[in-house]
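Report on the structure given below.
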Amino acid sequence: MAGLYIHVPFCAKRCLYCDFFSNTEMKYKAPYIAAIIQEMELRKEYIGQELLDTIYFGGGTPSQLDASDFEQIFSSIYRLFSVSHTAEITLEANPDDMTPEYLTMLRHFPFNRISMGIQSFKEADLHFLNRRHNREQAIEAVNLCKENGIGNINIDLIYGLPGQTQPEWEKNLEEAIRLDIPHISAYHLIYEEGTALYKLMEAGKVKPIAEDLSVSLFSLLIDKLTAAGYQHYEISNFAKTGYISRHNSSYWTGKKYLGIGPSAHSYNGIEREWNISSLPQYIEGINNHTPNIEKEVLDLHTRYNDYIITGLRTMWGINLHDIQKQFGNELKVFCEQQATHYLQQGLLISEKEKLTLSRQGIFISDGIMSDLLWV
């Protein structure tokens, strides 16, 4: 089983905090569609003959595409790959794109999961983040998806906004719980260099919240969602039973995936590849049959480090037996030794050869992972 990721870079406008590769020039849409179809032709062997278990349209804003775009893309996917009849097929979307007409159109295609960047149910937050939608559009989008037979819904939320209080964040979470959304991804606001948000911070116009408040907001996130029946299966991800994201889980469990489109990443267990983050250069390279791709061949220690970083983020953790089998006894012993201190402090839990983060360990997960890495 493998995954297919298609990066759709188009956005109507850029959000304040976003550092993902995107482009607001829709004039490139037709040559982009032709290029991603050609890239699938050129690179279909990257994942061998693996059956596609997940297909994910990410962005950017994939809901900027229309019926003719999806018709071309899906026709090519099913022609070039073997797709599981139970495949999870996700579309990232902006809430204001989720009109009755757009959702009716989507039902003609095999989408069975929608992931919406709602970010907040508070109008002032949405205005600050430069989001296109408002609170009512966010709520209506969730309800419209359900009414159109798409119950597998994820929403993204952001916390740690400048000036945000614990009661405000709690109200956001209560709104998501009230809407009975089966999957919630929640991320702390990050001031990425080069973004409009970062420039505001440099100019002294906004200030990151205090670390103790960050911890309180994250703790509240865990408490509220687990009490509401969500499984905290990855540091930033929570799901009701049966709604864990199969595509995102493939990244954390080491499955193969092929990334199509500008800036998209691929992994086949041996190497990582990533496309150039430039739409014109991406299209030019594909048209010349010389894709602008960088590659990293993964040595033993890099693969071990990847296993630690991705595995410890999840409720499945890391398995010492698997480490020995995949990376050898030396790295298994090293991992055990490095983990001892955290096991004694109750920050890691050991059960049947499996190591997972405890509730307390989640809060210092970066430090624990760093100490288990081979450097």
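- Between E123 and R135, no side-chain nitrogen of the basic residue sits less than 4.0 Å from a carboxylate oxygen of the acidic one, so the salt-bridge criterion is not met.
- Annotation: side chain of V206 is in contact with side chain of F128 (closest heavy-atom distance under 4.5 Å).
- No more than 12 heavy atoms of other residues, nucleotides or ligands sit less than 6.0 Å from atom NE2 of H127.
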Practice problem: Show your working on side-chain hydrogen bond (donor to acceptor under 3.5 Å, both in side chains) between Y267 and D306 and close with a plain yes or no. | Solution: CA-CA 11 Å; Y267 171 78; D306 284 352; 5.7 Å; no
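- Between H341 and the choices Q338, Q345, Q344, Q337, the side-chain hydrogen bond (donor to acceptor under 3.5 Å, both in side chains) rule is met once, by Q345.
- Ionic pairing of K171 and E168 is not present here: no N-O contact between side-chain nitrogen and carboxylate oxygen is shorter than 4.0 angstrom.
- Comment: R359 engages D223 in a salt bridge, judged by a side-chain N to carboxylate O separation of less than 4.0 angstrom.
- To the nearest 0.5 Å, atom CE of residue M98 and atom CG of residue L106 are 5.5 Å apart.
- With 3.5 Å as the limit, one finds no donor-acceptor pair spanning the side chains of H183 and S245.
- Remark: aromatic rings of Y304 and W374 are distant, center separation not under 6.0 Å.
- Y56 and Y5 have parallel rings, their planes meeting at less than 30° on a 0 to 90° scale where 60° marks the start of perpendicular.
- Counting only heavy atoms from C-beta outward, the side chains of R131 and N94 approach each other to under 4.5 Å.
- Rounded to the nearest 0.5 angstrom, H232 NE2 and T226 OG1 are separated by 9.0 Å.
- Between the OG1 atom of T54 and the CG atom of L4 there is a distance of 8.0 Å, given to the nearest 0.5 Å.
- For an aromatic pair to be called close, the ring centres must be under 6.0 Å apart, and F57 with F74 satisfies this.
- R132 places a side-chain heavy atom less than 4.5 Å from the side chain of D97.
- Within the 4.5 Å cutoff, the side chain of R246 has heavy atoms near those of the T86 side chain.
- Electrostatic pairing of E50 and K255 does not count as a salt bridge here, judged by no charged N lying under 4.0 Å from a carboxylate O.
- For Y32 and F10, the distance between ring centers is under 6.0 angstrom.
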